[in-house]
Trainee: 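Below you will find the structure I want to go over with you.
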There are 2 protein chains.
Amino acid sequence: MSTPSADDLSSDLTVYAARLVRLVRREHAPSAGTRVLSILDETGPLAITALAQIDRCSQPTMTGQVNQLAEAGWVTKEPNPADARSSLVHLTEAGRAELGRIRQLSAGLVSERLARRTDLSTDDLATAVAVLQAVLEPSPPTTPEGHS
Amino acid sequence: MSTPSADDLSSDLTVYAARLVRLVRREHAPSAGTRVLSILDETGPLAITALAQIDRCSQPTMTGQVNQLAEAGWVTKEPNPADARSSLVHLTEAGRAELGRIRQLSAGLVSERLARRTDLSTDDLATAVAVLQAVLEPSPPTTPEGHS
DNA sequence: TCGATTTACATAGGTTTCCTATGTAAAGTG
DNA sequence: CACTTTACATAGGAAACCTATGTAAATCGA
C-alpha cells in the first residue's frame with residue numbers, strides 16, 4: 001500500500017468527517033444541541049457567550065440552541081449572581097441522561113463498525129480523536145495563554 | 001493520563017468531527033459540492049443515483065448539488081449511451097482545478113495546525129483517516145454485493 | 001455621580017444544506 | 001403491450017447556521 005501524502009490525508013480527514021457527521025445526525029442525533037450538553041458536562045454551568053466561544057459558533061446560534069435545550073428540559077437558565085445581564089446554563093439530570101443516551105448510540109455506531117476491522121484498535125481510535133482535537137485547537141501563535 | 005473508554009472516544013469522534021466540518025466550511029469551503037468533486041475524481045464519471053449512494057445522501061440532494069456544480073462549470077452532464085434516463089456526470093478540467101484548490105486550503109489548515117503538535121505524526125493522521133473511513137463503511141457482513 | 005462605552009443577550013431576517021413525497025419518462029418483464 | 005421498476009426532476013419544508021441590530025446591565029472617566 002502506497003503512503004498517501006500529508007496533504008491528501010488532510011483533505012480526506014475533512015471529507016470523511018463531513019460524512020460521519022451526516023451519518024450520525026440522520027441516524028439518531030436529535031439536534032445540534034448535543035455538543036452543548038457535552039460542553040456543559042465537561043465544564044459545569046456557563047453563560048451563553050462562553051458556550052458560543054467554546055463551541056465556535058455565533059452567540060445568536062447558541063441562544064437558540066440553549067432555548068431548545070431548555071424547552072426539552074435538558075438545561076435550565078438560572079440567574080448569574082455575579083452579573084444580571086447573563087444567566088448561567090445548567091445541565092439538568094434529564095440532560096445528563098440524554099447525553100448518556102446519545103453517547104451510547106453514537107458509541108455503538110462507531111465501535112460496532114470499528115470492531116469489524118481487526119487492523120484498527122482502540123488505540124487507533126484514541127489517535128484519531130487526538131488528531132481531530134489538535135486540528136480544532138485555536139491558533140495560539142505568539143500569545144500562549146500559559147495556564148501553568 | 002487516564003485511558004478513556006472506547007465508548008467515550010467514539011462519541012468524542014463524532015463531536016470533534018462536527019466541529020471540524022464547521023471550521024472548514026466557515027474558513028473556505030464554497031459549497032457542499034466538494035465531496036462530489038472528490039468522488040468523481042476517484043471514480044470517474046457516474047450517474048446521479050450512484051453519486052448519491054456513494055455520498056450517502058438522497059437523490060434529490062445530489063441532483064441539486066450536481067446542478068450547482070454544472071452551473072459553476074466544474075462538472076458536465078452528458079448523455080449516458082447505455083441508458084437514456086440517466087446522464088453521466090463528468091468532472092471538467094476546471095472542476096479538477098477547483099478540487100485541487102480546496103484540497104490545498106483544507107490541507108493547509110489541517111497540516112498547519114497538526115505541525116504544531118510534535119506528538120502527532122503523519123502516521124497518526126493516516127490512522128485518523130483510516131478510522132473515519134472504517135466507521136463510514138456500509139455494513140456488508142452477511143450479504144456482500146458481489147460486484148464481479 | 002452621571003453620561004459614554006462596553007458587554008451579554010435577544011430578536012429579525014436570510015442563507016445553505018439537507019430531507020420526504022411525488023410526478024414523468026425510459027427500461028425491463030411476462 | 002400493459003405492468004412494474006428505475007433514474008431523475010420538482011415541490012415544499014425543516015434544521016443549523018449566519019450578520020445586523022436593539023436593549024439592558026456593567027464599567028469607566030471626568
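So that the names make sense, note that chain A is the first sequence line, chain B the second, and so on, each numbered from 1.
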Trainee: Please name all residues satisfying side-chain hydrogen bond (donor to acceptor under 3.5 Å, both in side chains) with Q104(A), sequence neighbours left out, ordered by chain then number.
Mentor: none

Trainee: side-chain hydrogen bond (donor to acceptor under 3.5 Å, both in side chains) with Q53(B): which residues, sequence neighbours excluded?
Mentor: none

Trainee: At under 4.0 Å, does any side-chain N or O of S58(B) touch on OP1 or OP2 of dC19(C)?
Mentor: yes

Trainee: Sequence neighbours excluded, which residues qualify as side-chain hydrogen bond (donor to acceptor under 3.5 Å, both in side chains) partners of S87(A)?
Mentor: none

Trainee: Filter on salt bridge (charged side-chain N to carboxylate O under 4.0 Å, His left out), then keep only pairs touching residues 77-89 of chain A, sequence neighbours left out; what's left?
Mentor: D83(A)-R85(A)

Trainee: R96(A): which residues meet the side chain to side chain contact (heavy atoms under 4.5 Å, CB included) condition with it, sequence neighbours left out?
Mentor: D41(A), L91(A), E93(A)

Trainee: Can you list the residues that meet the salt bridge (Lys or Arg N to Asp or Glu O under 4.0 Å) rule with D55(A), with sequence neighbours excluded?
Mentor: R35(A), R19(B), R22(B)

Trainee: Does T61(A) have a side-chain nitrogen or oxygen under 4.0 Å from the phosphate oxygens OP1 or OP2 of dC18(D)?
Mentor: yes

Trainee: So V129(B) and L13(A), side chain to side chain contact (heavy atoms under 4.5 Å, CB included) or not? Walk me through it.
Mentor: CA-CA 5 Å; V129(B) 171; L13(A) 189 74; 4.2 Å; yes

Trainee: Whole angstrom is fine here: how far is it from CD in Q65(A) over to P in dT11(C)?
Mentor: 16 Å

Trainee: Return the value, rounded to whole Å, for the distance between atom CE of M62(B) and atom P of dT10(D).
Mentor: 17 Å

Trainee: Just the dot-bracket of DNA chain D, please: which string comes out with Watson-Crick or G-U pairs under 3.5 Å, [ ] for crossing, | for another strand?
Mentor: ||||||||||||||||||||||||||||||

Trainee: Of all the nucleotides listed (dA16(D), dC17(D), dC18(C)), which has the minimum atom distance to the side chain of R35(A)?
Mentor: dC17(D)

Trainee: Encode nucleotides 4-10 of chain C as B, S and - characters from 5' to 3', where the letter depends on protein heavy atoms closer than 4.0 Å: B to the base, S only to sugar-phosphate, - to neither.
Mentor: ---BSBB

Trainee: If you group Ile, Leu, Val, Met, Phe, Trp and Tyr whenever their side-chain heavy atoms sit less than 4.5 Å apart, what else falls in with L88(B)?
Mentor: none

